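Encoded as structure tokens, the structure appears first; notes follow it.
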Amino acid sequence: MKPVQIKPDIFWVGAVDWAARDFHGYVIPNGTTYNNYLVRDEHPTLVDTVKSEFADEALEGLRGLIDPALIRNVIVNHIENDHLGALDRVMALCPEAAVYTTERGKKGMARFFDISRWDVRTVKSGDEIATGRYTLRFVETPMLHWPDSMVTWVKEAGLLISQDAFGQHYASAARFDDEFVRANGLVALEDAVIDYYANILMPFGNLIRTTLGQLEKLGIAPDMIAPDHGVIWRGDPGRVLKLYRNLVDGKADRRVTVVYDTMWKGTEMMTRAIAQGIMDEGVDCVVLKMRATPMSVAVKEIAKSRGMLLGSPTLNNDIFPSMAGFAAYLRGLRPRDRVAGAYGCYGWGGGAVKRLTEELKGMKLEVVEPGIEVHYRPSAEDRERCYAFGRQFAARVKEYHRKYE
Ligand code: FEO
């Protein structure tokens with residue numbers, strides 16, 4: 001991809017990964033981008049690199065702007081492989097450049113590369129370097145989302161290079177939010193932000209709230225936010241800040257996401273009756289069959305919904321494997337501020353509903369008990385019970401949702 005100027009003498013020099021569908025096990029239906037940025041100043045500075053297999057493409061773009069041997073500073077905001085991966089290729093071209101990262105970044109970097117011949121300098125929040133017309137200020141953001149993480153504030157440009165924060169996994173021709181919205185609509189962009197947040201950043205909601213406050217206290221009011229994935233926010237950077245505040249504050253739609261799997265259609269029949277009950281109570285409902293849905297998509301829908309129901313048949317006295325895997329994935333992401341419940345069919349003996357309910361209680365969600373179980377296959381009477389359960393669950397969602405309105 002050709003570089004794109006984003007501010008005077010500051011360029012996007014990344015790569016678009018149109019083909020990616022799997023990001024370390026997390027399904028990304030729309031691909032992604034690896035963004036890095038060149039500050040072509042008196043002391044040329046590269047902020048972040050790209051995933052190693054995209055090094056040639058990114059370096060070709062870089063060479064169109066500058067001889068890489070002239071680069072004096074390389075900033076490493078985050079040492080995950082998708083941003084650090086091409087660092088050795090960059091350093092081979094400018095071995096005298098100083099590398100700036102956090103203390104933890106340096107320790108981690110040494111696990112990936114032989115850094116003994118590089119001039120690696122550690123920085124703390126508030127440290128600055130001058131590149132000429134620009135000043136780069138670093139703010140540590142530990143656990144957002146790795147211990148080493150930091151962001152780079154380019155004061156004179158009003159530009160926050162935010163690393164993974166505010167990013168989206170979406171490959172598109174658009175480099176900026178306004179271009180993306182024109183081509184794909186605002187809903188698609190917000191959906192991509194929520195997907196990214198839900199699957200990567202959700203466990204760190206409280207830390208994100210603190211960091212947003214910290215940035216404000218430091219007087220960082222960006223007119224452009226440039227993340228390391230997806231589009232750069234120039235049209236309305238306040239939009240993504242507001243969206244993040246809503247997410248960390250537990251905002252969601254008055255809606256129920258039902259995620260289920262089924263062996264011989266019994267749990268599926270229950271699902272249909274429960275969903276009808278939810279809808280008849282006046283609450284929106286999304287139904288996803290686990291075996292036909294990537295976990296990341298189900299998590300995104302849960303992040304958008306005030307209520308979640310998990311349906312699973314019992315297999316060998318336990319949760320059906322696809323749903324057990326989903327529960328484990330969900331547990332790690334630590335959803336909050338949600339009403340939850342479980343249901344399912346069993347043959348010889350129950351187990352799945354009890355185990356799923358324990359999982360949901362372990363996540364400290366507002367659990368509606370008891371869950372509903374059906375022996376073998378729902379009769380007409382069972383389907384009535386399921387319908388009533390759906391209505392009862394939706395009523396709890398409506399009541400719980402009021403405190404967020
Ligand atoms: Fe995009 Fe945490 O790496």
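Quick caveat, the model's predicted, so the values are computed rather than measured. Both counts, for ligands and for their atoms, begin at 1 and track the order of listing.
Residue Met150 holds its CE atom at 10.0 Å from OG1 of Thr122, rounded to the nearest 0.5 Å. Between atom CZ of residue Arg89 and atom CG of residue Leu59 there is a gap of 5.5 Å, rounded to the nearest 0.5 Å.
Taking a cutoff of 4.0 Å between a charged side-chain nitrogen and a carboxylate oxygen, Glu268 and Lys265 qualify as a salt bridge.
Annotation: cation-pi geometry not satisfied between Arg306 and Tyr400 (NZ/CZ under 6.0 angstrom from ring centroid, within 45° of ring axis). A cation-pi arrangement is absent between Arg137 and Trp153, since the terminal nitrogen or guanidinium carbon is not both under 6.0 Å from the aromatic centre and inside a 45° cone about the axis.
Of all protein N/O/S atoms, those lying under 2.8 Å from atom 1 (Fe) of ligand 1 come to 4.
Side chain of Gln168 to backbone of Phe166: a donor-acceptor contact under 3.5 angstrom is found.
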